[in-house]
Amino acid sequence: MAGPDRAVRVAVLGCGVVGTEVVRLLTRQSADLAARVGAPLELVGVAVRDLATPRDAVVDPDLLTTDAEALVDRADVVVEVMGGIEPARALLLRAIAGGAAVVTANKALLGQDGPTLYAAADAAGVDLYFEAAVAGAIPLVRPVRESLAGDRITRVLGIVNGTTNYVLDQMTSAGLELDQAVEQAQALGYAEADPTADVEGFDAAAKAAILASLAFHTRVSVDDVHREGITAVSAQDVEAARETGYVIKLLAIAERVTASPDGAAPVDGVVVRVHPALVPDTHPLAGVRGAFNAVFVEAEAAGELMFYGRGAGGLPTASAVLGDVVTVARHRVQGGKGPIESRYADLPVHPIGRATTRYQIRLRVADRPGVLAQVAQAFAAHDVSIKAVRQSPPVDGGGATDLLVVTHRADDAALSATVERLAGLDVVDGVLSVLRVEGA
Ligand code: NDP
Ligand code: HSE
């Protein structure tokens with residue numbers, strides 16, 4: 001324990017969008033933070049890649065270093081906001097081995113190799129906190145990991161990527177094509193120069209893995225997450241959604257499922273998925289605009305909880321980082337320790353095929369007698385029940401038409417088989433889109 005007579009030494013690894021704001025809050029709020037912790041927080045250094053990069057005036061140049069290892073070795077609390085897998089992982093493991101508490105915003109690292117960090121922190125008896133890794137400023141990790149530890153979470157569903165929410169929102173509200181909306185997101189600093197991690201769903205998948213691991217007391221890696229990004233979403237999909245009372249959102253969903261693989265005895269497990277989905281335009285998630293995030297957590301005793309706020313950005317994310325810094329510093333000064341990894345349930349992670357939901361399928365078909373019957377037969381063959389069918393005015397000079405088919409709840413595997421069958425029918429010119437329907 002550091003004790004109230006000695007400052008808690010804090011090292012910050014990274015001084016970019018988030019790191020700069022962490023330094024700002026540590027500096028500007030030092031008196032309040034000291035009072036809350038019970039001892040001053042002393043910023044002992046800030047590790048960067050390039051000392052020549054111009055920095056915000058709040059960053060004291062004398063604190064900058066490129067020797068992150070030496071910095072880690074003289075800290076009680078190490079804040080990792082550099083991102084990427086290496087050297088972030090090696091530096092965090094070094095910090096933990098040296099007895100420092102660690103705070104990280106690095107969802108990519110946690111989603112890929114969280115267990116290595118948890119195991120090291122558990123073995124060393126030090127804190128590992130990561131509130132900022134999921135949904136930026138929104139307190140979500142702590143509610144799931146601590147506040148709901150006495151409950152049984154059944155489902156976590158929400159928007160956890162601000163960039164893609166901004167892009168889809170612009171496609172919906174301003175009628176932009178995907179590429180135009182991504183360019184706008186880049187101009188505003190939401191999307192990076194290479195937007196792959198956001199638009200292909202990698203960022204959301206890492207966050208989904210972190211949330212699922214906490215919610216279900218089970219190790220879930222990013223590789224266990226079914227992932228579809230937003231690159232296949234077209235302006236026509238957005239328009240078709242609007243016409244039927246829906247908006248398209250990129251959702252992360254982690255849920256308990258009971259599946260009976262191949263007729264065997266039911267097995268409890270989890271399915272974790274990230275994909276674009278249709279959400280009714282009256283649902284609270286439909287009202288989440290711009291780069292905001294919102295997540296619903298459903299628990300047996302608590303019922304449904306909604307968390308909403310800024311999921312990205314330097315200052316909002318720094319707020320979550322500082323909350324963790326205060327917590328782990330308090331533990332140093334006042335005693336105590338945060339939770340260790342909870343993975344006792346060890347539930348199997350089922351493939352997406354075992355998820356059940358509703359679907360909206362758009363098909364271009366020949367406009368002649370008997371076509372609807374063949375389409376209906378394809379659904380029936382896989383036990384997928386149709387809820388509604390809507391036919392558009394004729395296209396292609398009258399020889400074809402677009403059908404919009406909405407199903408009742410069905411297994412994802414059955415729906416995939418249905419789509420495959422539909423695509424093979426002579427009367428089907430093309431499957432234009434397949435979207436899951438959530439929140440209805
Ligand atoms: P930036 O790219 O803006 O900043 C990264 C910083 O880390 C830079 O200062 C860079 O140094 C430094 N850095 C990178 N590699 C090294 C290295 N090998 N050695 C020393 N320093 C290094 O990233 P962000 O601030 O946007 O993100 C940081 C972390 O926070 C990531 O894990 C990200 O996923 C997470 N996060 C980010 C959010 C956001 O809105 N930006 C929201 C939530 C989480 P230099 O300046 O010299 O290049
Ligand atoms: N790229 C992420 C987003 C940053 O757009 O939500 C926050 O994790």
Side-chain angles (χ1 to χ4, degrees), residues 11-24 45-56 59 61 63-72 78-92 94 103-112 130-138 140-141 158-169 182 185-186 188-208 210-211 222 229-230 250 252 274 288 290-295 309-321 324:
V12 178
L13 309 181
C15 193
V17 174
V18 180
T20 302
E21 301 310 321
V22 168
V23 170
R24 193 184 315 281
V46 182
V48 293
R49 201 166 20 197
D50 183 358
L51 289 175
T53 300
R55 308 279 166 195
D56 188 289
V59 182
L63 289 176
L64 293 172
T65 176
T66 53
D67 190 348
E69 291 190 351
L71 176 60
V72 158
V78 172
V79 177
E80 188 271 306
V81 282
M82 60 174 35
I85 305 303
E86 293 293 356
R89 173 170 45 197
L91 289 166
L92 286 175
R94 186 182 182 102
V103 173
T104 178
N106 194 334
K107 60 261 176 171
L109 176 55
L110 289 165
Q112 183 179 312
F130 46 91
E131 183 62 67
V134 185
I138 307 172
L140 183 60
V141 166
I159 297 163
V160 294
N161 183 270
T163 302
T164 47
N165 199 59
Y166 176 83
V167 168
L168 292 172
D169 189 25
V182 170
Q186 284 170 320
L188 287 167
Y190 297 138
E192 311 223 353
D194 176 2
T196 309
D198 293 318
V199 298
E200 296 292 357
F202 289 104
D203 178 80
K207 292 166 178 170
I210 294 168
L211 287 176
V222 67
I230 62 166
L250 183 73
V274 166
V288 178
F292 277 75
N293 286 188
V295 178
R310 294 183 193 278
L315 202 53
T317 306
S319 164
V321 170
D324 283 352

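In each ligand, atom 1 is the first atom listed, and ligand 1 is the first ligand listed.
Looking from atom 8 (O) of ligand 2 to the surrounding protein, the closest heavy atom is K107 NZ, 2.4 Å. Closest protein heavy atom to atom 44 (C) of ligand 1: K107 NZ, 3.3 Å. Of the protein's non-hydrogen atoms, V81 O, 3.2 Å is the one closest to atom 28 (C) of ligand 1. Of the protein's non-hydrogen atoms, the one nearest atom 38 (C) of ligand 1 is V18 CG2, 3.7 Å. Nearest protein heavy-atom contact of atom 5 (O) of ligand 2 is T163 OG1, 2.6 Å. Remark: minimum distance from atom 1 (N) of ligand 2 to any protein heavy atom is reached at D198 OD1, 2.8 Å. Given atom 23 (O) of ligand 1, the protein heavy atom at minimum distance is V17 N, 4.5 Å. Shortest contact from atom 40 (O) of ligand 1 to any protein heavy atom: G313 N, 2.7 Å. At the top of the distance list for atom 35 (C) of ligand 1, counting protein heavy atoms only, stands A105 O, 3.4 Å.
At a heavy-atom cutoff of 4.0 Å, ligand 2 is contacted by no atom of N293, backbone or side chain. Contacts with ligand 1 closer than 4.0 Å are made by no heavy atom of A133, backbone or side chain. Contacts between T317 and ligand 1 below 4.0 angstrom, taking non-hydrogen atoms only, involve the side chain exclusively.
Using a 4.5 Å cut-off on side-chain heavy atoms (C-beta onward), E69 and P87 make no contact. Inter-residue side-chain proximity for T317 and E21 is flagged as unmet; no heavy-atom pair is nearer than 4.5 Å.
Here the CD1 atom belonging to I159 is positioned 7.5 Å from the CG atom belonging to N293, to the nearest 0.5 angstrom.
Take E131 and apply the salt bridge (Lys or Arg N to Asp or Glu O under 4.0 Å) test, not counting sequence neighbours, and it matches no residue.
Of all the atoms in ligand 1, the ones that sit under 4.0 Å from a non-hydrogen atom of A132 are 43 (C), 44 (C). Residue A312 approaches ligand 1 through these ligand atoms, each under 4.0 Å from one of its heavy atoms: 40 (O). In summary, the atoms of ligand 2 found under 4.0 Å from a heavy atom of A312, numbered by their order in the structure, are 4 (C), 7 (C).
Across the listed options G83, G14, A68, G83 owns the non-hydrogen atom lying nearest to atom 31 (C) of ligand 1. Residue nearest to atom 46 (O) of ligand 1, selected from R55, R49, E69: R55 (by heavy-atom distance). When the heavy atoms of M82, R310, E21 are ranked by distance to atom 22 (C) of ligand 1, first place goes to M82.
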Candidate pair R24 and D56, rule side-chain contact (heavy atoms from CB on, under 4.5 Å), full reasoning: CA-CA 9 Å; R24 193 184 315 281; D56 188 289; 2.8 Å; yes
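Between A137 and A320 the shortest heavy-atom distance is CA-CB, 4.3 Å. The shortest heavy-atom contact between K207 and A133 is CG-O, 3.6 Å. Contact detail for V160 and L211: the closest heavy-atom pair is CG1-CD1, 4.5 Å. Closest non-hydrogen pair, N165 versus F292, comes out as ND2-O, 3.6 Å. Of all heavy-atom pairs between A291 and Y166, the closest is N-CB, 4.2 Å. Here the closest non-hydrogen pair linking A47 and L71 is N-CD2, 3.6 Å.
In this structure a side-chain-to-backbone donor-acceptor pair under 3.5 Å is missing from D198 to T164.
Assignment of G311 to the shell around ligand 2 is supported, since a heavy atom sits closer than 4.0 Å. Within the 4.0 Å heavy-atom shell around ligand 1 one finds C15. At least one heavy atom of P87 sits under 4.0 Å from some atom of ligand 1. Ligand 1 lies nowhere less than 4.0 angstrom from a heavy atom belonging to E80.
Just one of T20, V23, L64, V46 meets the side chain to side chain contact (heavy atoms under 4.5 Å, CB included) condition when paired with R55; it is L64. Between K107 and the choices D203, V134, V222, the side chain to side chain contact (heavy atoms under 4.5 Å, CB included) rule is met once, by D203.
For the residue pair D194 / T196, a side-chain donor-acceptor distance below 3.5 Å is found, with atom types taken as modelled.
Protein non-hydrogen atoms do not reach within 4.0 Å of atom 2 (O) of ligand 1.
Of the N or O atoms in G314, none lie within a sub-3.5 Å distance of an N or O in ligand 1. The N/O atoms of G16, backbone and side chain alike, include one that comes under 3.5 Å of an N/O atom in ligand 1. Ligand 2 has a nitrogen or oxygen under 3.5 angstrom from a nitrogen or oxygen of G162.
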